[in-house]
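To start, the structure itself, in structure tokens.
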Amino acid sequence: MLQQTTVAAVVPYFERFVARFPSVADLAAADEHDVLQLWEGLGYYSRARNLRRAAQSIVEHHAGVFPNDVARLQELPGIGRYTAGAILSFAFDKPAPIVEANTLRLYCRLLGYGADPRSAEGQRVLWRFAEELVPSDQPGEINQALMELGATVCTPVNPACDDCPLATFCAAKEQGTVAEIPLPAKRPEITELAEVAVVLARGDQYLLMRRNPGERWAGLWDFLRFGEHDAVGGLERHLRDRFGLNSKLGMEFHEMKHSVTRYRITLRCVRATWIAGEPVEKDRAFRWANLNELAEMPLPVTGRKIARLLETAGLKSQG
DNA sequence: AAGACGGGGAA
DNA sequence: TTCCCAGTCTT
């Protein structure tokens, strides 16, 4: 859960997750749908699927016992070099190195490494340094202390060098390059997208479509959604041509902006009323759901916002 | 080596 | 707005 996600955001998810799936066996036996449901809003949903698959792999290939060597850990889906090192050192107290956001920044500054730490060379340098750093005695404590130092003292902006116990060993401080290190990551170009969400109502039910592999939010459910560009001939026509649905367009009831990875999406939410036809598209799952059922389906945050609007704004009673 | 993948919080 | 977060997997 903590991969690329702040501790504050994770805590409530973690509490609910371990309460619902207290053991590896519980998680391995769970439906993917239920795991995604608990993950809703946390983002990077492949982590949830990988975590479940990892649990299944542990049950099936490791007799239900968590592996305790780096090679077997990294064979598990979703566990890379950092997570393997974290598990080994934190949980098993084995001397394994770690490099993540906090220690990356700390190590770069200690070394005075001004080149790109994300390049292949930078990674070699940092992991080598991390190996030299990790002691055989209490490696878990030391690793967590290094991360904590990075998170609380060696911060991205205005680091508290005066309070840093390692200041005398810090090359960046010596060089006066603390503010320039680490080199910031290249920022991807943002693509503006205009999309439409169609809330198609049939009685008290709404039509959901499942996001397919390869699409954003793969595996999650969403209202009918497509690029505005895809519906140039009109929304009613698009629904008929693409899904075989006969419908009557209603009001646009909301507009929201949302950023996801390298996209900034302006989403127009339009209401429509079902007239005839069952939705059909190759390799696409659909489901009619009322508000109660909607609450138990994993949706992207924009979808969840729409669902809440339906509950609160009284839209469900309009035509 | 570069891109894809989410969403929230802080400055 | 912009930056960043206990990274990993796929092109």
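In what follows, chains are A, B, ... by sequence order, proteins preceding strands, each numbered from 1. Nothing here was measured: the structure is a model prediction, and the numbers come from that model.
If you check every strand for non-hydrogen atoms under 4.0 Å, Thr103(A) touches nothing. Pro188(A) comes within 4.0 angstrom of nothing in the nucleic acid, heavy atoms only. If you check every strand for non-hydrogen atoms under 4.0 Å, Tyr13(A) touches nothing. Ala185(A) comes within 4.0 angstrom of nothing in the nucleic acid, heavy atoms only.
In this structure, Leu183(A) places its CG atom 13 Å from P of dC3(C), rounding to the nearest Å. Atom CG of Leu126(A) is separated from atom C1' of dG7(C) by 14 Å (rounded to the nearest Å). Between the P atom of dC4(C) and the CZ atom of Arg262(A) lies a distance of 19 Å, rounded to the nearest Å. To the nearest angstrom, P of dT8(C) lies 12 Å from CG of Leu76(A). Asn50(A) has its CG atom 19 Å from the P atom of dA4(B), to the nearest Å. For Asn102(A) and dC4(C), the CG to P distance is 13 Å, given to the nearest whole Å. Rounded to whole angstrom, the span from the OH atom of Tyr263(A) across to the P atom of dG3(B) amounts to 11 Å. Spacing between atom CG of Leu106(A) and atom C1' of dC5(C) amounts to 16 Å, rounded to whole angstrom units.
Candidate nucleotides dC3(C), dC5(C), dA2(B) were compared by shortest atom distance to the side chain of Lys186(A), and dA2(B) ranks first. Side-chain atoms of Arg187(A) lie closest to dC3(C) of the nucleotides dC3(C), dT8(C), dA1(B).
The backbone N or O of Asp230(A) sits less than 3.5 Å from a side-chain atom of His238(A), completing a donor-acceptor pair. With hydrogens and angles ignored, the 3.5 Å screen pairs no side-chain donor or acceptor of Ser57(A) with any backbone N or O of Arg53(A).
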Nucleic acid footprint by protein, nucleotides 6-11 of chain B - heavy-atom cut-off 4.0 Å, B for base, S for sugar-phosphate alone: BSS---

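Atom P of dG8(B) sits at a distance of 23 Å from the matching atom of dT8(C), rounded to the whole Å.
In summary, the side chains of Tyr113(A) and Glu121(A) do present a donor paired with an acceptor at a separation below 3.5 Å, with no hydrogens or angles considered.
Within the structure, the salt bridge (Lys or Arg N to Asp or Glu O under 4.0 Å) test picks out no pair touching residues 87-114 of chain A (sequence neighbours left out).
With salt bridges taken as basic N to acidic carboxylate O contacts below 4.0 Å, none links Glu215(A) and Arg225(A). A salt bridge does not link Glu189(A) with Arg262(A): every distance from a Lys NZ or Arg NE/NH1/NH2 to an Asp or Glu carboxylate oxygen is 4.0 Å or more.
Contacts of Arg268(A) classified as side chain to side chain donor-acceptor pair (under 3.5 Å), with partners at least two apart in sequence or in another chain: Glu228(A), Glu252(A).
For the OP1/OP2 pair of dA1(B) and a distance below 4.0 Å, the side-chain nitrogens and oxygens of Arg118(A) include no atom meeting the criterion.
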